Trainee: 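First, the structure itself, so that you have it in front of you.
Here is the naming used below: chain letters follow the sequence lines, and residue numbers restart at 1 for every chain. Side-chain atoms are counted along with the backbone in the values below, which use heavy atoms only and exclude waters and symmetry mates. Bear in mind that the values here come from a model prediction, so they are computed numbers and not experimental data.
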Amino acid sequence: MSGVSWELGMNSLSLFPPPGPDGNITLFESNNELVCGTSLGSRQKQGWEPPSLLFPRESLKPHSRPESSSKAAFLDHRDTLWMRSARAWRDSGLSGLLDEIANCTEEEVPRWLTVGCSWTLALLRWVSSFHGSLFPHLTLSSEDMVAEFSQVLDWSDCAVRAFAWHPHTDKFAVSLLDDSIRIYNSKSATAPTLKHRLQRNVAALQWKPLCASALAVACHNCLLVWHVDPTSLSTRPSSGCAQVLSHPGHCPVTSIAWSPNGSLLLSASPVDTAMMVWDVAGESCVPLQRVGGGGVTFLSWSPDGSRVLASTPSALFRVWETRTWTCERWPCLKGRCQTGCWSPDGTRLLFSVQGEMVIYALTFTDAPGEPHGWSGSSKAAAIVADLSETSFSTSQGQVRVGGQVQTMAWDPRGERLAVLLKGDPEAPDRPAMIAVFKTRISPIFELLPCGFVKGESGAEPRLLQFHPHFPNGALLTVCWSNGRISHVPFFFVSAGGSVLNPGGSPPWPLPQSRAVENGERLLYTEMSS
Amino acid sequence: MFNSEQNHWFVRKVIFWRAAASVAWSVLLLPVTTALFAFLSRFSLFHPIQWISESFSLLYGSYVIFSLVLLCGVVLVVGVFNLEYYTVVPSVPCTKIALLGKVLHPQQSVHSLVHSMMGIMVTWCAATMIGGRYWILAAPCSEEEGVTGQKMCLNEYYLFFLLAGAFMGYSYSLLGVVRNMNYVSFQTIQQCKYLRFKGMLPQVVRYSAVQSLYSVRNYCLFYFFFGKDSDCLLLYTKHSSLHRLDTVSGLLDFRLLYHLWLSGTFLLLTWHITLLLFRIFITEAYSFPVQSSFSEDVSQCLPKVLSEKQPLILKFLALQDLFLLSQQSLSRRMEVFSLSQPGGHPHNWNAICKECLSLLSDLSQRLVEYQEVVASNGRARPLSSHSDQRSTSSETLGMSTLIISSLMSLQILSIDIGLKTPSSSPFSSSSVNRFVGNVDPSSPWYGSVQSPHVMRRGPKLWTASTGRLKFAHVKNFLARRVLIMYLFNKLPEASSQALFADSQAHIWALEGLSNLVAASYKEDRFGVVQTMLPSILSTMLLLQEAVDKHFKLPHASSKPVRSTCCLEDSTFKTLRFALRAALKTAMYRITVTFGEHLHSVQMSAEHRKRLQQFMEYKE
């Protein structure tokens, strides 16, 4: 496959309206512009409002459970060598066993054995450091690895570590710093809290499609699938409700993806070159192994179920088709693929590469299901947006916006694209920002500026996700650095029809035409490229 | 039965060819494994150059070529046995005695015998290739003790090796029946054959090596205790061999054990590769035409094939194809929804839907009947055939009561066996009806009322009660006999596994049907699916009810131990969970697609209530 192409684009952010004044927060979008304000008073409530939650960083105690440091304090050292070796073997494999024997006293084992073990251990470490120099991410501790590859900005210090809307109903799950998961439901007042012995370092959450209760959780060394009975009134479901899926060598799990028809679950770990296809009910998995890349970091299943994006820690990503599970390799020039999202019809993939401040697009023309199958992707990725730094002068002075992309989300109708830009943690005038684009998919792909989403002063965005079936347009949920989870609605009439206008009930498209972007400049159209 | 099955067009045209292709590939792989074996058998750490040169010269030797020819024959026979013994519906023994019966079944004995013989052949080849002291059965005695200097002694290494082959062949066959190795399961994803093989190969190699290690251990123990008898069996005089191997020091020969383990790994690896390739080839998706314009091909079209009962593999492949087409192929779905040209009837859809629904309702009926049997466990048994026997003979001999009571304890088991043996097709509920009698579900006698029905047959109340007294006595008597209780005790959750042994078919039917219904929302131009929607929904809801009830039974929701290996396929142990998940997904798929429109579908109030639960995402 050909590589990602470079193309000179104009700076997209310069066409954006400047971010709102400090102290104001972005409330909603209406009539094609983002409304800022200090409170929600200006908008009437319609139906269920998702609760805006606050999890202060201070109230959540992270579990300080270092992996081995505290163990020695509690283990009885009078165990026989045999017992200790067996435990070391079980806990940390060969290197643990060698380490245990090398640290023995002379009465217990002959000297030649300890020396031999320490030499073997040194050799093993040398070899693994060589392996690590090929794939530098392998030298990270597993917690750092999750932080590195997570979609959340600054994962290790963030109060909210993962967030997931239920695909069909008004329900969402939030994973917090203290390794608990809470579920909020529009229909019930109880918010169950899920805790499990193995639920540590949660990197991702996802609800199973076509199911009311199953929630998959990517944990430190396994996958958990919780079955939370929606009718139950219990606030603390027992850990018996969770299925544990684990495979040796497949940890930490940093990304999971359910197939849109709910039958399969994919999981990825940056240390495992195979991605796992789980049959959750049978608790069995099929590894899909490909050499190269050194692991799999991020997975995204296209909404039509025909393709999966799998990025690796190296400058390479793959696009799998799900009919016979073959893949296309896409080498990048600069760095690894950080994030990606699919258009609702599954024909277009937007992705961003670490080290570059642009968004690329890949187009897949024919569905892989049909006889000729899988040759439909374009030969090179096209740049659709350039996100390099731009200055805006606001009432508070200059604000610089732009940078690399941390994560992206495309709303389920394909009309709004939210991009979380990494700021510069060192520079105070260059905060992390959410830029929202208007998009159009058919008849041609277009990208237009919409605006920046601002939170409370001093709060930076960490994570974003669109509500999967917001009736009046799109609803963007943002998790902020101060522990706030807020929801920003975008009210618009969909180009594709079948959207209600706010508060109304007619189920059929209004005869009114799409809101016109007169006087607005297109950032990207397919014609021009 | 066997013959008619073999003459089926599908078996002749597809299955045979697939099996042949798998055997051909295993034969092609044979030189590779043989070369590896020859290479490793000469392994010596301290003379690497000599080792490599020796193994290369060995590879060109005529013995290796001859062994290869022989091994090809062995692989061919293994392939034939794979084809003859495979099943897509595993038989799950519910008690130890049933398992014992399975092991001692004549068909299984043939399998074991042939595999032992082939084991001998493979180890003979291995011994020939290794050469040296395993060369020949008789060796000249070095020390002259007899009258003639030419006296030949028994080379016990050789005998040891050949017997090891027989042992390993037998244990392969035995483990095969205990672990249901002949069960062929279908993959959750469709990978191409080469990638599947490549992905599985490392696991198969590891599994063979580990299994060979266990076999060597068991064999050494066996030989240590029974080695002397093996001498007696052969007509050699005692003490005629040079080295005694049935002693601890004789067995602790590292090189011998290494060669034994290597030969065992070689043997198991070739057979396991053959088995793996067979499974991969046989479960490959097959695309049936949905309709055909030629009348002679009509019998090979999907709607016709689905309704066939006999080669089960055909039924399974057809259902898999239905599942795939419903998910992936727009053009084939359009054919399903199309109307027949003269007449305008949706024959394709009707046939497919009818078959899927009958599968599903069979399963719900089976579950309901099982629940009744379990529920009436404490009271009189509902099985009329046995109870007739009992009421007539209970007053006669104590001996006969004993037999009958043991029959009683086997009743549930026998139902299960009746359900799952492939010969009595699990797709028809006939086997169930045979036991329970044809009871109309709408009649008031259907349900828990069967026990009074039995009671009325034995009008002599007094004898009945003494019979029951005796029965209790006998039961107490038997309970004290540990062995009998051990053999006859039901294995927990085995009956539940047996009940769902063929549920892969139901899962595909559910997925296929629900995908087709969901697709019909946009693609069905003539509205053919709508006419069936009420019955589809009610069938699924009935099944949902039965499955929910089943999972409330003891042991039904306990998870089985996961087997670590790829070749011991334990998919069938978790099929009930998969079925439950697939059923919910199917219901949600329909409710999500149709949404509020489902309110206008005709159905009973109870079903509507249940459906409402699904529409509110409360299931």
Trainee: Side chain to side chain contact (heavy atoms under 4.5 Å, CB included), that's the test. Do A:Gln289 and B:Lys198 meet it? Break it down for me.
Mentor: CA-CA 10 Å; A:Gln289 188 119 31; B:Lys198 203 180 82 178; over 6 Å; no
Trainee: Could you tell me which non-hydrogen atom of B:Ala578 sits nearest to which non-hydrogen atom of A:Ala281, and how far apart they are?
Mentor: CA-CB, 3.4 Å
Trainee: Quick check for you: to the nearest 0.5 Å, what is the distance between B:Arg589 atom CZ and A:Cys211 atom SG?
Mentor: 12.0 Å
Trainee: Rounded at 0.5 Å granularity, tell me how far CH2 in A:Trp320 sits from CD1 in B:Ile189.
Mentor: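 So the gap between those two atoms works out to 8.5 Å.
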Trainee: Can you tell which of A:Leu288, A:Thr324, A:Val277 makes a side-chain contact (heavy atoms from CB on, under 4.5 Å) with B:Gln191?
Mentor: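 Looking at A:Leu288, A:Thr324, A:Val277, the match for B:Gln191 under the side-chain contact (heavy atoms from CB on, under 4.5 Å) is A:Leu288.
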Trainee: Under 4.5 Å, counting heavy-atom pairs only, tell me which of B:Gln613, B:Met587, B:Lys559, B:Arg576 racks up the most with chain A.
Mentor: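 Option with the greatest count: B:Lys559.
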Trainee: Kindly give the heavy-atom pair with the smallest separation between B:Lys618 and A:Ala212, and that separation in Å.
Mentor: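 In terms of heavy atoms, the two residues are closest at N-CB, 4.4 Å.
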Trainee: Using non-hydrogen atoms only, which part of B:Leu579 is less than 4.5 Å away from chain A: side chain, backbone, both, or neither?
Mentor: neither
Trainee: Looking at NZ of A:Lys171 and OH of B:Tyr617, how far apart are the two atoms once the value is rounded to the nearest 0.5 Å?
Mentor: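 Output value for this atom pair is 10.5 Å.
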Trainee: Step by step, work out the side-chain hydrogen bond (donor to acceptor under 3.5 Å, both in side chains) result for B:Gln328 and A:Arg323.
Mentor: CA-CA 8 Å; B:Gln328 295 174 344; A:Arg323 197 175 148 89; 2.9 Å; yes
Trainee: One thing to verify: whether B:Glu616 and A:Lys187 come together as a salt bridge, which I'm taking to mean a side-chain N less than 4.0 angstrom from a carboxylate O.
Mentor: no
Trainee: Working to the nearest 0.5 angstrom, can you tell me the gap between B:Lys584 NZ and A:Ser213 OG?
Mentor: 5.5 Å
Trainee: Measuring heavy-atom distances to chain A, does B:Thr585 have an atom under 4.5 Å in its side chain, in its backbone, in both, or in neither?
Mentor: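 Both the backbone and the side chain of B:Thr585 come within 4.5 Å of chain A.
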Trainee: Decide yes or no for B:Gln187 and A:Val286: does some side-chain heavy atom of the first lie under 4.5 Å from some side-chain heavy atom of the second?
Mentor: yes
Trainee: Which one of A:Asp279, A:Asn261, A:Thr169 has the most heavy-atom pairs closer than 4.5 Å to chain B?
Mentor: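 If we count pairs closer than 4.5 Å to chain B, A:Asn261 comes out on top.
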